[in-house]
Amino acid sequence: MKLVKDVASPAYKVVKSAADLAINGAAPMFSEPLHVGRPNIGSHKRFLQRASDILESGWLSNNGPMAQEFEQRIAQFLGVKHCVAMCNGTIALEIATRALELKGEVIVPSYTFIATAHALQWQEITPIFADIDPATHNVDPAAVWRMITPRTTGIIGVHLWGRPSPVKELEAIAREHNLRLMFDASHGFGCSHGGKFLGCFGECEVFSFHATKFFNTFEGGAVVTNNDELAEKMRLMRNFGFSGYDNVIYPGTNGKMTEVAAAMGLTNLEDLDDFVESNRRNYHCYRDAIGSIPGLSVLQYDEAERNNFQYVVAEVAPYFPISRDRIVEVLHAENIRARKYFWPGCHNMQPYKSFYPHAGMVLPNTNVVSERVIVLPTGSLLETKTIYAITSILRALVSVGV
Ligand code: T4K
């Protein structure tokens, strides 16, 4: 696969003054865009062999042998009883919330990808946004507690950036208020909490296996659970409610994972350790380089746990000489497509912005954090020298005006 090449010579340009920046007309640092979310792709040979087997078999979807093997391998890997594979993480969220019979109001963080909120709204369940802890970027249990009303039926914790939600505290709140608890673990495949993989907590957990995720099945997702009845219900729901031929016993939708997606998943699962290793190397490289730039920091992972290091999350302090948005403009001009995930928070997007125009008043930390985060490119295709080139621009911005 093609690695990102430098513009003209083996050495990247050195930014000594504002005139050296692409935003001011100089040549960009990279000739091709450097994306956040470049897919990790395992052995082409093994994937193509599996794809060929699928074509030979004539079985392309509807819970075929690859999807079944994928479910078994994922459940075994995570140490859960059931994996119900789906066509994407959003449908997996919708099916999980419906299977749990959530209704009325469900508490979620606003600082997450919009799909967490939309999966509820799509079913006419009202997402109620709780604020986050600015240190962890995860939902603050005290804020969750404050948002509970007589209409609340559940809580969805999000393991943002693959860092665990406050699982114990949310479990205690759910128990005390008789609420259902599930997790959006879309970022958390291969990450652990207290030595157990994310996927083992709450009544069920949802993964996204989208192309941009650390572990992908092109498009895909899954709900994992230890609850036999819930798993059975979700299997029915993802296949229109069919129980055998001509017999529908449940309302359902089409949430099935295709065979080719499962083949990609099985292949990538075999290469997971390599993906983690390159992400870990990239993360450490960024952390060490950015750690010495005053006003910038990189969000830490608990290295006593297992991490996928999927997201390199830099935070810009208020005293950094250039605003977060301007830094992102500078980086984009250099062909570094850094992202402002998850700005501006779900509560500032439609339809929630119209529903709750004053939500920001109870979400101060969400507002602050979403204004200072920059997510930087990583993944198995990124070379160390590319990271040094990226961070050299960030370092130059301390002294070079733009
Ligand atoms: N819950 C949470 C917490 C989530 O983060 C997500 C998804 C979900 C639920 C829902 O799961 P899914 O239904 O998606 O399975 C991307 C992803 O599309 C989305 O899956 C992900 N979260 C979110 C955090 O990131 P965008 O709007 O940033 O996508 P896009 O098209 O800008 O792609 C991101 C970057 O990746 C680009 O710079 C280009 C690069 N890219 C993308 C694709 C698709 C590639 O290099 N190759 C590719 O094939 O949402």
Side-chain angles (χ1 to χ4, degrees), residues 1 37-78 80-99 115 118-119 122 185-186 189-190 199 204-225 228 230-272 275 380:
M1 197 171 288
R38 288 296 282 159
N40 291 321
I41 300 171
S43 160
H44 291 202
K45 194 167 164 223
R46 277 185 277 111
F47 169 72
L48 291 171
Q49 182 57 55
R50 286 188 167 108
S52 168
D53 292 348
I54 291 168
L55 297 178
E56 290 295 326
S57 77
W59 196 275
L60 306 184
S61 187
N62 288 16
N63 201 26
M66 290 275 174
Q68 289 181 33
E69 186 185 346
F70 177 74
E71 290 187 337
Q72 278 165 16
R73 293 271 179 93
I74 294 287
Q76 198 177 25
F77 174 82
L78 296 172
V80 287
K81 265 173 102 176
H82 304 281
C83 167
V84 185
M86 307 266 183
C87 55
N88 62 55
T90 306
I91 292 285
L93 278 169
E94 287 173 18
I95 289 181
T97 50
R98 197 172 267 261
H118 275 0
W122 198 249
S186 290
F189 191 76
C204 63
E205 300 213 43
V206 172
F207 290 105
S208 163
F209 303 138
H210 181 256
T212 56
K213 294 291 181 294
F214 149 77
F215 167 72
N216 85 86
T217 59
F218 296 107
E219 289 269 1
V223 189
V224 296
T225 182
D228 301 342
L230 192 66
E232 186 48 33
K233 208 164 157 183
M234 292 189 294
R235 286 186 198 288
L236 285 169
M237 285 180 162
R238 98 178 148 180
N239 187 29
F240 314 101
F242 270 110
S243 170
Y245 288 130
D246 311 322
N247 187 27
V248 172
I249 60 167
Y250 223 81
T253 183
N254 183 353
K256 293 177 264 92
M257 175 176 271
T258 63
E259 287 292 275
V260 77
M264 183 68 153
L266 287 168
T267 306
N268 285 339
L269 201 56
E270 289 158 358
D271 291 308
L272 208 69
F275 300 160
S380 48

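Hydrogens, waters and symmetry mates play no part in the numbers below; they use all other heavy atoms, side chains included.
For the ring-ring contact (aromatic ring centres under 6.0 Å, His included) with Phe209, the lone residue among Phe214, Phe218, Phe189 that qualifies is Phe189.
The backbone N or O of Ala85 lies less than 3.5 Å from a partner atom in the side chain of Arg238, making a donor-acceptor pair. Between the side chain of Thr267 and the backbone N or O of Ala263 there is at least one donor-acceptor pair closer than 3.5 Å. For Asn239 (side chain) and Phe242 (main-chain N/O), no donor-acceptor pair under 3.5 Å exists by modelled atom type.
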- request: Begin from the C-alpha positions of Cys83 and Leu78 and carry the test side chain to side chain contact (heavy atoms under 4.5 Å, CB included) through to its verdict.
  value: CA-CA 9 Å; Cys83 167; Leu78 296 172; over 6 Å; no

message: Set out, in order, the CA-CA distance, both residues' side-chain angles and the distance that settles side chain to side chain contact (heavy atoms under 4.5 Å, CB included) for Arg46 and Asp271, then state yes or no.
response: CA-CA 11 Å; Arg46 277 185 277 111; Asp271 291 308; 3.1 Å; yes

task: Dump the intermediate steps for side chain to side chain contact (heavy atoms under 4.5 Å, CB included) on Glu219 and His210, then the final yes or no.
output: CA-CA 4 Å; Glu219 289 269 1; His210 181 256; 3.5 Å; yes

Full working for side chain to side chain contact (heavy atoms under 4.5 Å, CB included) between Trp122 and Thr90: CA-CA 10 Å; Trp122 198 249; Thr90 306; over 6 Å; no

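Residues Ala99 and Lys233 approach most closely at O-NZ, 2.8 Å, considering heavy atoms. Shortest non-hydrogen contact noted between Val224 and Gly199 is CG2-O, 3.3 Å. Nearest heavy atom pair, residue Ala115 against residue Leu93, reads O-CD1, 3.9 Å. Here the closest heavy-atom approach between residue Thr217 and residue Gly265 is recorded as CG2-CA, 3.6 Å. Scanning all heavy atoms of the two residues, the minimum distance from Ala231 to Val84 falls at O-CG2, 4.0 Å. Scanning all heavy atoms of the two residues, the minimum distance from Gly89 to Val206 falls at O-CG1, 3.7 Å.
The structure places CG of Asn254 at 14.5 Å from CE of Met237, a figure rounded to the nearest 0.5 Å. Taking CG of Leu266 as the reference point, atom CD1 of Ile74 lies at 8.0 Å (rounded to 0.5 Å). For the atom pair Leu60 CG and Glu259 CD, the distance stands at 7.5 Å (nearest 0.5 Å). From Arg73, atom CZ reaches atom CE of Met66 across 10.0 Å, with rounding to the nearest 0.5 Å. Interatomic distance, CG of Asn40 versus OG1 of Thr212, reported as 10.5 Å (0.5 Å rounding). The structure places NZ of Lys213 at 14.0 Å from CG of Asn268, a figure rounded to the nearest 0.5 Å.
Looking at Lys256 and Asn62, their side chains do bring a donor and an acceptor atom within 3.5 Å of each other. In summary, the side chains of His82 and Asp228 do present a donor paired with an acceptor at a separation below 3.5 Å, with no hydrogens or angles considered.
Residues Phe77 and Leu272 form a side-chain contact, since some pair of their non-hydrogen atoms from C-beta on lies under 4.5 Å apart. Side-chain contact between Trp59 and Asp53 is absent, with no heavy-atom pair separated by less than 4.5 Å.
Under 4.0 Å is where a charged nitrogen must lie from a carboxylate oxygen, and between Arg98 and Glu94 no such pair does.
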What pairs of donor and acceptor atoms, side-chain ones from residues 244-251 against any protein atom, are under 3.5 angstrom apart with sequence neighbours left out?
none

